[in-house]
Amino acid sequence: DVLNVLYAFPVAYDMAVVGMKIDTVDTITEAKLYESEKATAIYNNAIKNGQQAYLLSYDGKQYDILKLAAGNILPGEKVNVIVSLVQKLGVEDLSWAIRIPTTYTPRYCNTNYSLCPVSSTIPTGSFVTYKWSLSLSITSNSRLTRLVCFSHDLIVSYNNDLTGVQAALLAVTEPPKKDLVILYRNKLTSMPLSLIHI
């Protein structure tokens, strides 16, 4: 039997989706943008015709939740879904803040399409053990003076002049229980500045 899965994951209120790619063994496909009702109709029609299809949309009741519907996945088939998001950096503790919500996952249902349509309410699934990872690259126009993550353990590697850093999340084998927050600042961030109007 094929798999039809509905997966939900949290996003920050100021995040915006800028793209989605489907990476299978044979091809990489770029998703197309449609008005919500039309996109749902296209997805539903493809599923009923036995085609493999994917639909990414905001939850109608919770706009900090993205829903990803994936249909007609073959058993054992490996599929990577790459969702691209942009977000404005916040400021916390005199530092730039990268905040990635993770605490609503996992919410998913794995069932027949007829029992789990795109428009259905997303059930809160039982906690399951799965691996998740994060890699982060920061390039600064001046020397980095701080990079901390109080929420998770990171492996950090700076370049020679300290204007760039590569950070990676240590292996995690249980569902995330708190949002990922990374604070960083550079030499210019700590420089006193004044505004003048003439």
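Only a predicted model underlies this, so the values are computations on that prediction, with no experimental measurement involved.
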- Query: Can you check side-chain contact (heavy atoms from CB on, under 4.5 Å) on Ile22 and Val79, steps first, answer last?
  - Reply: CA-CA 7 Å; Ile22 310 301; Val79 177; 3.9 Å; yes
- Item | Between Asp14 and Gln87, a side-chain donor and acceptor under 3.5 Å | yes
- Task: Scan for salt bridge (Lys or Arg N to Asp or Glu O under 4.0 Å) pairs involving residues 80-95, sequence neighbours excluded, and state none if there are none.
- Result: Glu92-Arg99, Asp93-Arg146
- Message: Can you confirm whether Val148 sits close enough to Tyr184 that some side-chain heavy atom of one is under 4.5 Å from a side-chain heavy atom of the other?
- Response: no
- Does a side-chain heavy-atom distance below 4.5 Å link Tyr13 with Asp64? no
- Item | Distance (rounded to the nearest 0.5 Å) between Ile182 CD1 and Leu136 CG | 5.0 Å
- Message: For the CG atom of Asp161 and the OG atom of Ser140, what is their distance to the nearest 0.5 Å?
- Response: 9.5 Å
- Message: Just so I know, are the side chains of Ser151 and Asp179 near enough to count as touching, which here means a heavy-atom distance under 4.5 Å?
- Response: no
- Task: Please answer: with hydrophobic residues joined when any side-chain heavy atoms are less than 4.5 Å apart, are Leu169 and Leu183 in the same cluster?
- Result: no
- Message: Test of understanding: clusters of I, L, V, M, F, W, Y form through side-chain heavy atoms closer than 4.5 Å, transitively. Do Ile100 and Leu154 belong to the same one?
- Response: yes
- Query: Can you tell me how far CD1 of Ile28 sits from CG of Asp23, rounded to the nearest 0.5 angstrom?
  - Reply: 4.0 Å
- From CE (Met20) to CG (Leu56), nearest 0.5 Å: 5.0 Å
- Side-chain heavy atoms of Val2 within contact of Leu74, under 4.5 Å: yes
- For the residue pair Met15 and Pro101, establish whether any side-chain heavy-atom pair is separated by less than 4.5 Å. yes
- Message: As a quick check of understanding, evaluate side-chain contact (heavy atoms from CB on, under 4.5 Å) for Tyr54 and Val81, giving each step before the final call.
- Response: CA-CA 9 Å; Tyr54 303 83; Val81 179; 4.3 Å; yes
- Carefully, step by step, assess Asn141 and Asn186 under the rule side-chain contact (heavy atoms from CB on, under 4.5 Å). CA-CA 8 Å; Asn141 58 357; Asn186 59 19; 3.4 Å; yes
- For Ser142 and Leu188, indicate whether the former's side chain and the latter's backbone hold a donor-acceptor pair under 3.5 Å. yes
- Task: Would you name the heavy atoms of Gln52 and Thr24 that are closest together and state the gap between them?
- Result: OE1-CG2, 4.2 Å
- Would you say Asn49's side chain and Asn45's backbone share a donor-acceptor pair under 3.5 angstrom? yes
- Message: Looking at Glu37, I'd like to know if its CD atom is crowded, meaning that more than 12 non-hydrogen atoms belonging to other residues, nucleotides or ligands lie closer than 6.0 Å.
- Response: no
- Can you hop from Leu162 to Val165 via hydrophobic side chains spaced under 4.5 Å? yes
- Query: So which heavy atom on Ala70 is nearest to which on Tyr43, and how close?
  - Reply: C-OH, 3.4 Å
- Query: Got Asn159 and Thr139 here, is their nearest side-chain heavy-atom distance under 4.5 Å?
  - Reply: no
- Atom pair OG (Ser95) and CZ (Arg185), whose distance is rounded to the nearest 0.5 Å: 4.0 Å
- Message: Pairing donors with acceptors under 3.5 angstrom, does anything connect the side chains of Ser157 and Gln166?
- Response: no
- Determine, using the 4.5 Å side-chain heavy-atom cutoff (strictly less than), whether Tyr58 and Ile42 are members of one ILVMFWY cluster. no
- Between Ile65 and Val11, what is the shortest heavy-atom contact and its length? N-CG2, 4.3 Å
- Query: Nearest heavy-atom pair of Ala46 and Asn72: which atoms, and what distance?
  - Reply: O-ND2, 4.1 Å
- Indicate, with yes or no, if Ile98 and Val156 share a hydrophobic cluster defined by side-chain heavy-atom contacts under 4.5 Å among Ile, Leu, Val, Met, Phe, Trp and Tyr. yes
- Task: Starting from the C-alpha separation in whole Å, work towards a yes-or-no answer on side-chain contact (heavy atoms from CB on, under 4.5 Å) for Val17 and Leu66.
- Result: CA-CA 9 Å; Val17 178; Leu66 275 176; 3.7 Å; yes
